[in-house]
> 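Structure incoming, see below.
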Amino acid sequence: MTAVDPVRWRVVGRDAGAVVVVDLAVDLVEQRRARLSEADWVAEASTTPTAVRWVWSDTTRWYAALLADGVEIARAHDLRLCHAIVRASTLVPASASEALRAEARWDAAPTDTSAAAPSPRGPALFDLDDGEALPVGVPDGIDDVLAEFLRQQAAVAASNDPGRLRLLLAAESAGALLAAELHAAGVPWSIEVHEGILEAALGPRPPAGTAPARVQEFAAVVRSALGDEAASLDSQPKLLRSLHRAGVLARSTSRWELAEYDHPVIAPLLAYKKLTRLQSANGWAWLDEWAGDGRFRPVYVPGGVVTGRWASSGGGALQLPRQLRPAVRADPGWTLVVADVAQLEPRVLAAMSGDLALAEAARGRDLYDGIVASGAISTRADAKIAMLGAMYGATTGESGRLVPALRRAYPRAMGLVDAAARTGEGGGAVTTWLGRSSAPGDAQWREVQDRAGGPDASDADRAHARRSAGDRGRFTRNFIVQGTAAEWALAWLADLRASLAALPPVSDDARAEASGPVFSQRAHLCFFLHDEIIVHTPKEQAEAVAEAVRQSAARAATLLFGGFPIDFPLDLRIGPDAAKS
DNA sequence: TCTACAGGCGCG
DNA sequence: AAAGCGCGCCTGTAGA
C-alpha cells in the first residue's frame, strides 16, 4: 500500500451514532481509530493543526454544523465532489477508475441539510426529468468513506497526471468549505439602502397583493396607449394579442424585440416590465426572506455546473442585479475589498493553448485593447464580440464574421477551441486544464447521429442530427475555457482563504462591531461570482487584504500555468459599498 | 389542484 | 441589439 503523506489525512465517518475518525498518520498500515461523541468531535476538529486534511463524505453534510459550533476547517477532501471529477476525467485510464465507477452510491446529490427533520432518512429519491432518480446523500459510514478515499487515491495515482488532478481535487474541496462559510457569513446588506432603491423606483411599499404605485401608473399609460383599458400586461400571449391589435406586430414580447418598434406603447411598456421585474425578483418580499437580518445568505452549490462553476440554489446569488449592488455595505468600522478579473476566460485560453501572441496582447492591459493594438481587429468593441464568438461558437451575425480574423491572428488559441468543438460534434469528451472532463454524447444523442447516417434517413433526421452535433460542439468548445477559468478562480479563492485566515488578529474594536460566526470576526470572503469576490474586512486591514487578493491571483496563475507569461489583472476597489463607481 | 414547461430576464 | 456558452427564479399557461 502506498504512503498517503505528505499530507496528514483524517477520515471522518459515522458509525452507530458516533463520529469515527481514522487518522492515516504516515502509512495506511498505521491507521488509528477514535470514536468520538459529537462534542468531542467538535473539540477535535477545532484544535486540529491547519496542515491536516479532513476527508469526509460531503462537506455540506458535516461543515454547517461545525461552523455553527464555531469550528473552522482549514483543509478538506470532499469525497462526493472528488468522486464526480475522478470518475469522468479522461486523465484517468478506464481501468484505473473502474472500481470507483462501480460505486453508484457516490453519484448522489448533496446531502440535504436544510430539511427540518433529521436523520432517519430512508432512500430519499430526487426525481430527474427523464424518470430516473438520483438518491440524495452519499454514504457517510466510516468504512464506506475510507474505502472510497482509497479508491480515489488509487485512481489518481494511476492517472496520466496525478499532480494536476490533486490540485483540482484540493481546489474543489477548498471551494466546498468556502461555500459553506460564505453562506454562514453572508453578504453585509443594508436594508435601508435596499428599501431606498425600491422606493425610488417603485414607490412606497404596497400592501401585500397589490402592485406598487409606480407600476400601476405605468400600467395605466400602457393600457391607454394600447387603447384597451382591460389589457392584461402580465400574460405573454394576451399581451402579444393586445400589441397586435394596436399595430405592433412583434412575434415575442421580449425587451430587445419590442425596442425595435416605434409606437407610443413601447417606452411605458418597457418601463413597466423593468419595474415588475425588480418587484418580483428583488422586491420587499425578497428582502424580507433573504436579507432581513442584514446579511444576504445565498446557498452556493460547488461543482453545481458541469463545467465546474458553482451553481446556486435559493436567493439568486448568480443574478444579483447591479442595480442592488449599493445595498452591499460594510459594517461600522469595517470595509469591503471588491475584486474581479478582467477578461478571465480569454486569458485562460491564451495560457492553456500556449498562445504567446494572445498572451502578449493581454499582458499588462485590457486584452481587447491589446488585440486592437496587434492590428488583428480594428475596434475594442469588435475585438470583444469576436472573442466571445470564438469561445461560444458563434457562426452568424457580426460575431461570426469577425471570428476568422481572430483565427488568423491567434491560431493556437483558436485551434484549441476549434478542436474542442470538433470533439464535441463527434460525441467525444473534452477536458479542462486540470482534468475535469465533460460527459461524452449519451446514447440518445448517439442514436440521433446514427439515424441520420443511415440509408433511410430523412432530411429532417439529418437536420436534427446536424443541429444536435452543433449544439454539443458549442458546449464542448466553451467547456474547456469556462471550466479552466473556474479552476483558476477556485485556486485564487483557496489561496486567498488561507491568506486571510493567517492575517494577524484584529483589534477588539473591530471584533466588537462584527457579528456572525467566529471566522467573521476577522477579514473574510463574503461573496463569490465566477470571477469576482468581495472580502468583508476591518478597515485597519483593508490594505493588507487588498495585497493578499493580488498575491493570490498571481499565485493562482503560477499554480496552474507555471512560468507561462500570462497575467490576470484585477479591477480592485476598497470602500464601504460594493457598487462599481 | 398540482406539476411541468415556456417565456422572459437577471448574472458571469 | 443578439449572436454564441453556462446558470436560477418568477410568472402564467397547459396538461394531467
Side-chain angles (χ1 to χ4, degrees), chain A residues 127-131 211 232-240 250-261 269-270 272-283 285-286 289-290 298-301 303-325 340-346 348-349 381-382 384-403 406 417-418 420-421 424 430 432 438 467 470-486 488-489 527-533 580:
Chain A
D127 286 330
L128 300 178
D129 13 69
D130 55 4
S232 166
L233 309 185
D234 300 320
S235 160
Q236 193 263 0
K238 289 177 186 168
L239 175 59
L240 201 55
R251 63 184 220 357
S252 82
T253 62
S254 67
R255 183 165 53 86
W256 61 266
E257 184 171 354
L258 292 179
E260 291 177 349
Y261 290 84
L269 178 55
L270 294 183
Y272 173 86
K273 285 161 80 81
K274 192 158 189 65
L275 294 185
T276 51
R277 165 79 190 189
L278 174 63
Q279 153 80 355
S280 66
N282 296 101
W286 181 93
E289 181 177 358
W290 290 101
V299 177
Y300 294 98
V301 185
V305 181
V306 284
T307 58
R309 274 187 174 182
W310 289 9
S312 77
S313 153
L318 274 56
Q319 341 161 214
L320 196 64
R322 306 205 79 80
Q323 189 181 8
L324 286 179
R325 286 303 192 88
D340 64 85
V341 193
Q343 306 107 25
L344 174 57
E345 291 190 352
V348 157
L349 174 59
D382 280 358
K384 181 173 182 177
I385 288 169
M387 185 56 77
L388 292 176
M391 294 188 303
Y392 293 164
T395 55
T396 64
E398 190 66 13
S399 185
R401 274 195 294 282
L402 289 164
V403 172
L406 228 45
V417 286
D418 287 344
V430 295
T432 61
S438 72
R467 183 194 185 88
D471 288 348
R472 274 208 97 244
R474 286 190 302 278
F475 165 67
T476 52
R477 168 189 292 274
N478 184 249
F479 181 98
I480 59 168
V481 180
Q482 186 183 118
T484 302
W488 185 93
F527 188 72
F528 167 56
L529 182 55
H530 306 319
D531 62 358
E532 172 184 11
I533 58 164
K580 212 164 217 172

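Quick note: numbers below take in every heavy atom, side chains included, and nothing from hydrogens, waters or symmetry partners. Because the structure is a prediction, the values reported are computed rather than measured.
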> Measure from CD on A:Q323 to P on B:dC11 and round the result to the nearest Å.
9 Å
> Is the count of non-hydrogen atoms from other residues, nucleotides or ligands lying under 6.0 Å from A:K384 atom NZ greater than 12?
no
> Which nucleotide wins on minimum distance to the side chain of A:S399, given the candidates C:dA3, B:dG10, C:dC5?
C:dA3
> Compare side-chain N and O positions of A:R255 against OP1 and OP2 of B:dG10 and report whether any pair is under 4.0 Å apart.
yes
> Return yes if some donor-acceptor pair links the side-chain N/O of A:T307 with the main-chain N/O of A:F479 below 3.5 Å, else return no.
no
> Just how far, in rounded Å, is P of B:dG12 from CG of A:L318?
10 Å
> Whole angstroms only, please: what is the CG-C1' distance between A:L233 and C:dG12?
13 Å
> Counting only side-chain nitrogens and oxygens, does A:K274 get under 4.0 Å of the OP1 or OP2 atom of B:dC9?
no
> State, to 0.1 Å, how close A:L402 and A:A386 come at their nearest heavy-atom pair, and which atoms those are.
CB-CB, 3.6 Å
> Below 4.0 angstrom, N of the basic side chain to O of the carboxylate: do A:R325 and A:E532 qualify?
yes
> Has A:K273 got a side-chain N or O lying under 4.0 Å from the OP1 or OP2 atom of B:dC9?
yes
> So does A:S235 get a side-chain nitrogen or oxygen closer than 4.0 Å to the phosphate oxygens (OP1/OP2) of C:dT13?
yes
> Could you tell me how far apart A:F527 (CZ) and B:dC11 (P) are, to the nearest whole angstrom?
11 Å
> Side chain of A:S280: nearest nucleotide among C:dA3, B:dG12, C:dT11?
C:dT11
> Picking from C:dG4, C:dC7, C:dT13, which would you name as closest to the side chain of A:V306?
C:dC7
> Taking OP1 and OP2 of B:dG8, is either one under 4.0 Å from a side-chain nitrogen or oxygen of A:T253?
yes
> Checking the side chain of A:T253 only, and the main-chain atoms of A:L240 only, is there a donor and an acceptor separated by less than 3.5 Å?
no
> How far apart are the closest heavy atoms of A:W488 and A:V348, and which atoms are they?
CB-CG2, 4.3 Å
> Picking from B:dG12, C:dG4, C:dC7, which would you name as closest to the side chain of A:T395?
C:dG4
> Can you see if the side chain of A:T396 gets near the phosphate of C:dG4 - specifically, an N or O under 4.0 Å from OP1 or OP2?
yes
> With a 4.0 Å cut-off on heavy atoms, is A:E257 in touch with a base, just the backbone sugar-phosphate, or nothing at all?
nothing
> Counting side-chain heavy atoms from C-beta on, which of C:dG4, C:dT11, C:dG6 comes nearest to A:Y392?
C:dG4
> Determine whether any donor atom in the side chain of A:R474 lies under 3.5 Å from an acceptor atom in the base of C:dC5, or the reverse, and answer yes or no.
no
> More 5' along DNA chain C: A:W290 or A:Q482, using each one's nearest nucleotide?
A:Q482
> Which nucleotide in the set C:dA2, B:dG8, C:dC5 lies at the smallest distance from any side-chain heavy atom of A:N478?
C:dC5
> To the nearest Å, give me how far apart CG (A:L239) and C1' (C:dT11) are.
13 Å
> Mapping A:F475 and A:A259 to their closest nucleotides on DNA chain C, which lands nearer the 5' end?
A:A259
> Which nucleotide in the set B:dG12, C:dA1, C:dC9 lies at the smallest distance from any side-chain heavy atom of A:Q319?
C:dC9
> Taking NZ, NE, NH1 and NH2 as the nitrogens, is one of them in A:E345 or A:R309 under 4.0 Å from a carboxylate oxygen of the other?
yes
> A:A311 has a side chain; which of C:dA2, C:dC7, B:dG12 sits nearest to it?
C:dC7
> Please confirm whether any donor atom in the side chain of A:R309 sits under 3.5 Å from an acceptor in the base of B:dG12, or the reverse.
yes
> Look at A:R322 and B:dG12 and indicate whether a side-chain polar atom (N or O) is within less than 4.0 Å of OP1 or OP2.
yes
> How many whole angstroms separate atom CG of A:L349 from atom P of C:dG6?
17 Å
> Base, sugar-phosphate, or nothing: which does A:I385 touch, judged by heavy atoms less than 4.0 Å apart?
base
> How is A:G304 classified with respect to the nucleic acid when contacts are heavy atoms under 4.0 Å: base, sugar-phosphate, or nothing?
nothing
> Send over the distance from A:L275 CG to C:dC10 C1', rounded to a whole Å.
16 Å
> Provide the Watson-Crick or G-U wobble partner of C:dG15, both distances under 3.5 Å; none if there is no partner.
B:dC2
> Let me know the distance between CZ of A:R472 and P of C:dC5, rounded to the nearest Å.
14 Å
> With heavy atoms under 4.0 Å as the rule, sort A:G400 into base, sugar-phosphate or nothing.
nothing
> With a 4.0 Å cutoff (strictly under), does any side-chain N or O of A:Q236 reach OP1 or OP2 of B:dA6?
no
